[in-house]
Amino acid sequence: MTAPHWLFGDQLGPHFLTPGPDGPGRDAPVLMIEARSVFRRRRFHRAKAHLVLSAMRHRAAELGDRVRLVRADTYREGLREAVGDAPLTVHHPTSYAALRLVRSLENVTTLPARGFLVEHGDFRAWADGRRGERLRQEDFYRWVRREHELLMDGDRPAGGRWNHDHDNREPPPRGARVLDAPPPYRPREDDIDEEVRHDLDRWERDGSVAFVGRDGPRRFPATRREALAALRRFVEHRLAGFGSHEDAMLAEDPVMSHSLLSSSLNLGLLHPAECVERAEEAWRGGRAPVNSVEGFVRQVAGWREYVWQLYWYFGEEYRRRNALGHHRPLPEWFLELDADAVEARCLATTLAQVRDTGWTHHIPRLMLLGGHALQRGWDPAQVTDWFHRCFVDGYDWVMVPNVIGMSQYADGGRMTTKPYTSGGSYVHRMSDLCGGCAHRPRERVGTHACPYTAGYWAFLHRHRSRLERNPRMTQAVRGLDRLTDLEELLRQEQDRGDSPP
């Protein structure tokens, strides 16, 4: 008899049940487990909990009699109830904790990971060939493009350049309150969503689980059909306008032309290959410019694959890196997503987007949320946990490299060449968020001092001895010597502490 196959809640697409030597049996029964303990361990965003449970229950409904969906307190309890000690297969899970669990079970056979373009062994060979050093995303991205023949014309990159970042960093159109982009796909809730919301309400009432954030109508796909519809709408109607303003921010347009496909990819509803191949088809068919297509391919086949691989290559100890010695705890207003307590318009707007939807695009994540945490010296492990819990697309493998390596520079430069933080001038140039703010981006001290501008200089001063040895930071650090008000700025920032800016 074919061994049952266990699907985790982020392995929901058809490619996780494709039979073969590295897959489950063709007619293998399927097991899914809703483990309440997952929601007890962390205070997740309510919209994230809703999305994950809705996606799991929708997948179970699609599989019908083939699946057994067990609702249990823990995974181990669910396994005992469903299969006892009988043999079971599962694809390589997406976190160290889950991998430890499956490896501790003698009756479980772990199959290779699915849902990514690059196999672990292939990446390890690539990285080991560089002796584990200078594993830069740009080099990896070009290697993936070549190996998978993505957006290539023979041995040359399509459009003549590997990197179109120069064309994809435009500020928002002057005077625009929103981009002139067709709206993204929005799913419609159904009876399963109603059941999920009822269960979440009940768990909160009985005190067994607590959430943060708001759970309005579901905004992100919970089924394969919905995910494909979202992909189709992005490629056909939104991809063409994606590239130029992918780094820009508008207060009234948090979505801009972004794909909103990250949660579908990370739930396993979409495979990255089908996403980048459809984007390339749009370019070859003359329906999207090369800079937009390259920017999207870079996100999916470059950055997403890179982060997934580094999570496993760097090892579990990587999450505890804290090269800058930042240990301040996250303040209550940030933990509670209390945007109303924040005066700085850019941070208040972004925090409200997270509170209301569990999502904001990569620049607010990196430069506003992550940048503020870095400047304030918040504990990087706590920042990582916050991003994991509060974003609908947040998983351990996603957030550990993104936050420890990229956002908080806690690995001291193993992943990136410099800290990613800036003063208010960057926010002013790339957004309309400084308009109407009580703070002024060019002011460092005084009543109207921008917390990002002041925080930037305070951060450089605090880590001067380290950063002045970094060629990419030398000029910025030297700027400290030109500040006639540095002592006043430092006193101001010490007094500000972690109060809402």
Side-chain angles (χ1 to χ4, degrees), residues 45 47 51 164-165 167-187 213-214 216-221 229-264 279 288-289 291-293 295-296 298-300 337 339-340 342-372 387 390-394 422 424-439 441 452:
H45 199 294
L51 177 62
H164 290 262
D165 277 355
D167 300 324
N168 291 350
R169 290 175 173 166
E170 292 186 15
R174 186 180 298 274
R177 297 171 65 181
V178 298
L179 280 187
D180 184 19
Y185 171 83
R186 292 296 188 204
R214 299 174 179 174
R218 178 166 57 82
R219 293 171 172 261
F220 302 94
L231 172 61
R232 183 168 56 252
R233 179 154 185 82
F234 171 67
V235 170
E236 293 180 1
H237 301 286
R238 296 168 54 78
L239 174 60
F242 166 69
S244 299
H245 303 294
E246 67 173 290
D247 284 2
M249 299 172 281
L250 287 170
E252 295 184 22
D253 191 357
V255 172
M256 310 285 279
S257 288
H258 289 270
S259 72
L260 303 183
L261 297 176
S262 55
S263 62
S264 298
N291 68 299
S292 288
V293 174
F296 179 67
R298 176 178 294 270
Q299 286 188 343
V300 176
L337 308 180
D340 296 332
V342 179
E343 192 174 53
R345 186 171 180 238
C346 61
L347 183 57
T349 300
T350 301
L351 205 59
Q353 291 167 4
V354 178
R355 177 197 64 201
D356 296 342
T357 69
W359 184 91
T360 189
H361 77 74
H362 63 285
I363 294 300
R365 295 190 200 202
L366 177 65
M367 303 305 292
L368 297 179
L369 298 170
H372 187 74
F387 273 96
C390 292
F391 280 81
V392 294
D393 54 8
S422 72
S425 293
Y426 172 85
V427 182
H428 184 52
R429 182 173 70 253
M430 295 302 296
S431 78
D432 64 352
L433 294 166
C434 296
C437 183
H439 306 292
Y452 284 92

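Hydrogens, waters and symmetry mates are skipped; everything else that's a heavy atom, side chains included, is used. Computed from a predicted structure; not experimentally measured.
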Restricting to non-hydrogen atoms, name the atom on [X] and the atom on [Y] that form the minimum distance, rounded to 0.1 Å.
{"X": "Met249", "Y": "Pro172", "result": "O-CG, 3.9 Å"}
{"X": "Leu347", "Y": "Leu368", "result": "CD1-O, 4.2 Å"}
{"X": "Leu179", "Y": "Asp253", "result": "N-OD2, 2.9 Å"}
{"X": "Ala279", "Y": "Phe296", "result": "CB-CD2, 3.6 Å"}
{"X": "Tyr452", "Y": "Met367", "result": "CE2-O, 3.8 Å"}
{"X": "Val255", "Y": "Pro184", "result": "CG1-CG, 4.0 Å"}

Euclidean distance, [Y] [atom2] relative to [X] [atom1], rounded to 0.5 Å:
{"X": "Phe234", "Y": "Ser257", "atom1": "CZ", "atom2": "OG", "answer": "8.0 Å"}
{"X": "Asp432", "Y": "Cys346", "atom1": "CG", "atom2": "SG", "answer": "11.0 Å"}
{"X": "Glu343", "Y": "Cys437", "atom1": "CD", "atom2": "SG", "answer": "7.0 Å"}
{"X": "Leu337", "Y": "Gln353", "atom1": "CG", "atom2": "CD", "answer": "12.0 Å"}

Exercise for review: Sorted by first residue and then second, give each side chain to side chain donor-acceptor pair (under 3.5 Å) pair with at least one member in residues 171-182; sequence neighbours left out.
Suggested key: Arg177-Glu252

**Study point:** Inter- and intrachain pairs under salt bridge (charged side-chain N to carboxylate O under 4.0 Å, His left out), touching residues 360-369, at least two apart
**Key:** Arg365-Asp393

**Study point:** ring pair (Phe, Tyr, Trp, His ring centres under 6.0 Å) against Tyr185, all qualifying residues, sequence neighbours excluded
**Key:** none

Practice item. State which residues pass ring pair (Phe, Tyr, Trp, His ring centres under 6.0 Å) with His362; sequence neighbours excluded, sorted by chain then number. Key: His258

Keeping the roles fixed (side chain from [X], backbone from [Y]), state whether a donor-acceptor pair exists under 3.5 Å.
{"X": "Ser292", "Y": "Ala240", "value": "yes"}
{"X": "Asn291", "Y": "His164", "value": "no"}
{"X": "Arg345", "Y": "His439", "value": "no"}
{"X": "Arg238", "Y": "Ala181", "value": "no"}

So do [Y] and [X] actually touch side chain to side chain, heavy atoms under 4.5 Å?
{"X": "Val427", "Y": "Cys434", "answer": "yes"}
{"X": "Met430", "Y": "Ile363", "answer": "no"}
{"X": "Leu261", "Y": "Val300", "answer": "no"}
{"X": "Arg219", "Y": "Ser263", "answer": "no"}
{"X": "Val293", "Y": "Leu239", "answer": "yes"}
{"X": "Trp359", "Y": "Ser262", "answer": "yes"}

Can you name the salt bridge (Lys or Arg N to Asp or Glu O under 4.0 Å) partners of [X], sequence neighbours left out?
{"X": "Asp165", "result": "Arg169, Arg298"}
{"X": "Arg429", "result": "none"}
{"X": "Asp356", "result": "Arg214"}

Quick one: list whatever passes side chain to side chain donor-acceptor pair (under 3.5 Å) with [X], sequence neighbours left out.
{"X": "Arg186", "value": "none"}
{"X": "Asp340", "value": "none"}
{"X": "Ser244", "value": "none"}
{"X": "His428", "value": "none"}

Exercise for review: Would you please indicate yes or no on a ring centroid separation below 6.0 angstrom for Phe391 and His45?
Suggested key: no

Study note, to complete from the structure: Sorted by chain and residue number, the side chain to side chain contact (heavy atoms under 4.5 Å, CB included) partners of Ala348 (sequence neighbours excluded) come out as Val342

